[in-house]
Amino acid sequence: MQEGQLQVSGPTVFRKYYNDSQATNASFTSDGWFITGDIAIIDLDGNLSLTAREKDCLNINGVKYPTLDIERDVDSADIDGILKASIYVCPMRLPDAPSETYGVFYQHHIPVDRSLGKDELARIVATNRAIKAACTVSCGQIPHIVLPLPSPFFVKTALGKVSRSALSSAYLKGTCSSLEQQLSAAQSHSDHAKDGPRSEVEHAVFDVVSSVFNIPSSSLHRSLNLFDFGASSLDLMRLKQFLQERLSVSDLPTIGLLKHPELGPLCDYLSLLVNSRSKDMSSSYDPLVCLHSEGSQPPLFLIHPGVGEILVFINLARVLNDDRPVYALRARGFDNDDKAFGSLDEMAESYTAAIEARYPQGPYYIAGYSFGGAVAFEVTKKLESEGRTVAWLGIMNLPPHIQFRMHELVWLEVMINLCVFLALFPDGESGSMIAQVQEHFPELLSSDSEPSCATDVIKWVFDHSDQARLDALQLKLPDFERWIRVAYDISCTGRSYEPSGSVRGALTTIFCAIPLHSMGTRKEFKADRLSKWADFCQGPYEMVDVDGEHYTMLSETHVSSFAERLRGAIGRSQLPKDSAIPRPKLDFDAIPIIDFSLYSSDKGKYFQQMQYALEDVGFGILVNAPGFEDTFQKELFSLADQLFNKPQEWRDALGTSTSYSLRGYFRADTIQGHHKAFAEAYRFGLEMPSPPADAPFWLRLHEGPNQWPREDDLPRFRSMMETLFQQYRNLNITLNEHVCQLLNIPNKVLNDFFPSKAEFNSAIWHYFPVSPEILSEARDGFLQGMHEHRDPSTFLTCLIQSRAGLQAKNHAGTWVDVPMVPGGVVFNIGMQLMKLTGGKFVATTHRVNTLKIDTDRFVPEAFIRHDDF
Ligand SMILES: O=C(O)CCC(=O)C(=O)O
Ligand SMILES: [Fe+2]
């Protein structure tokens, strides 16, 4: 049972649109069935269910793009000059075009037949350009037309929705051609002024690009990216050939195109190439080719299959749509005198280094197609052995043991495989091709290495390939020959490859397609071969069936469904990632010091350090945090010093025993038992009215009027402490947002729960220095300043300290000193935040050790819902 297009016919079905043969032709099959536009399924009992609307999707070369998604993306781009939800993406088919395209129409007040002023045109051109860019980013396809139209064009259907087909057909009928012409003239004028071609070579490049991609030159500009507007591997081959002809360059390196997908840089590169008349413009070998440059998530790295090229990933990168850049790794040996890699390990070494250099911070997402799967496995192990996090490893239809297969791959077969891969023979004819080649070159039978007659064989096969396909690929004999050599060298590296070791943390996904004939059925291939990956994964591992066969799983037909499964797998990798990685938490021997100003100058580094502090240590010291300058801190310490130096009776008069809410002064060294500490404190918070006398004590804790010393007794004390209090609040609110970014949740989530001011309190601690009298009470290197504990706080706890003395316990049980850094703010995680993050952030046990305190230590701190003291 399969879904299909619902077509209806019968006495109750209308037979044509009145006076509109174009609409009729578009909506009826040639034998008179009405194409409803619904996708439906009929079950075994004959029940019909509608499953989707076909017309809500664009169908470009067989790839479907939901129009609503594109509209939503344009809406969220907040483009000047359009109202929210007033934009319609309308599929259309131009006369004689092989595939559908689309137009974008939005509501505007100008009538279509009026001639417009210069400024008005310029505004609309800017809006249209922004819409075009947003659409192209959204679906990878450039709209055929973007037009503002007045409201009468936006006809509603019986269901009250704007009819997209009415918009398309109004456009196709030429109803808005005067407006279209005015805009197109204005646009090409502005393109020229701003961004258009600047030299002869550039004009030539624009012309060629325009004809290869069938886009008017007027809509090309230097910042357009070939991949973003949907270049396929075939397009690139054609582009290369046309550029070579037009620029009279005999051998334009493919890599030159792959590395300069933006028109501007491509023009610069080609200008240099032409001007220097040099054939060799490719720089030294770099395996990475960027196929998609945008996205907020870590990049995906894709490793080439046995043929060494990465063209097969271009479509995948185009439809992946996973908010992450995509890089492909291309084998060595295609360009200049580059030599192929001598071993799989050398290859993995080189790719690992390139990946690390491009994206040092990780985590890594890596996949390999066919032979590339084994390389991806080796790269993953190398990264993990260097302590890096690989979140996901994807292996596309390759078992771990490949030696037997690589030995099967004699030279002849490697060559034929490349032909199959490039579709140089009609379907199903590769077997007979092998037989024919063997008949012509009997010496091949006994040869598993490259035969002496290789050049003749290659030429013979080339001559017997599908010439139309060769033309379409623009593949010339020397390129074909070199390619076969690279592919053969790669397959040789696999002959001695023995998998060993295992992937530690990454989720490993094995994508299973229909295997090559010699491997049996998919079921057998999975059970006998692919499942052996389980022996090489310590982390989670899964098998995912995909559409198509070994060589077609990424083809135009299957690439969308493959992309969907790949996205799913990457998505799953994020869940078990943290629990699966056996990186021990609390494995620290120093407290990280983080420069807050990195947040502006190098966000990546800032978050990397923050992540380590929150996930692995539970503690950190921020320097350059706004509002905590060293001079400000010093004044606070000096005021604290003055407060605690007042006579005992003066301090007792501000004592907590006289405050319902326990605000004020108290001595911790008079407490008996575990909580006894050689310290005293002054507690305060936001000014609050006295709680009712009958309120239960737990509702009164820390909420009430402060017991401030008199201003003339201790000038500036109150105002400085109130300022500090504000600064802590502000810092917490900022850090909450950073925490959200690390947790990958909307920035405001934590601040939405940030408590009202009343629940935000402060204390100033005064720790007594070690003295001969109390020294005898020390046990195991510890004398109590504050007992060993974890904070109960829900948000980051922050404090400033005048001296060292605080210690945090690592996983080995060693106490690590939290150093005193002038102008620093110590922050740490409490148990609530640890629980809220499922243990991602760690609440670390800490204490204050009087043995470390040689002279009075003052600590004004801030806490939120923090009543453990
Ligand atoms: O005074 C210090 O350094 C630490 C204080 C503390 O851990 C707390 O109040 O929870
Ligand atoms: Fe604490």
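One-based numbering, in listed order, for ligands and for the atoms of each.
Side-chain contact of Q538 with R504: a donor-acceptor pair under 3.5 Å is absent, judged by distance alone. Between the side chains of N645 and D641, at least one donor-acceptor pair of N or O atoms lies under 3.5 Å. The closest side-chain donor-acceptor pair between H846 and D791 falls under 3.5 angstrom. In this structure, a donor-acceptor pair under 3.5 Å is absent between the side chains of Q297 and D322.
Partner of Y665 under the side chain to side chain contact (heavy atoms under 4.5 Å, CB included) criterion, out of H766, Q648, K646: Q648 alone.
A cation-pi contact links R324 to Y365, judged by a cut-off of 6.0 Å to the six-membered ring centre and 45° from its axis. Remark: R847 is positioned above the aromatic ring of W815, its terminal NZ or CZ atom under 6.0 angstrom from the ring centre and at most 45 degrees off the axis.
Taking a 4.0 Å cut-off on heavy atoms, R847 fails to register as neighbouring ligand 1. Look at Q801 and you'll find every heavy atom at least 4.0 Å from all atoms of ligand 1.
Residue-ligand proximity, L799 to ligand 1, at heavy-atom distances under 4.0 Å covers atoms 2 (C), 3 (O), 4 (C). The ligand atoms of ligand 1 that sit less than 4.0 angstrom from a heavy atom of R857 are 1 (O), 2 (C), 3 (O). Under a 4.0 Å criterion applied to the non-hydrogen atoms of V859, ligand 1 contributes the atoms 1 (O). The atoms of ligand 1 that sit less than 4.0 Å from any heavy atom of V848 are 1 (O), 2 (C), 3 (O), 4 (C). Every atom of ligand 1 with a heavy atom of L806 under 4.0 Å away is listed here by number and element: 3 (O), 4 (C).
Per residue D791, closest N, O or S atom to the Fe ion (ligand 2): atom name OD1.
Counting heavy atoms under 4.0 Å from ligand 1, residue V818 does not touch it at all. Looking at V826 against ligand 1, nothing comes within 4.0 Å, counting heavy atoms.
Between D817 and K852, at least one side-chain N (NZ, or NE/NH1/NH2) sits under 4.0 Å from a carboxylate O, which counts as a salt bridge.
When Q807, H766, H846 are ranked by how near their heavy atoms come to atom 7 (O) of ligand 1, first place goes to H846.
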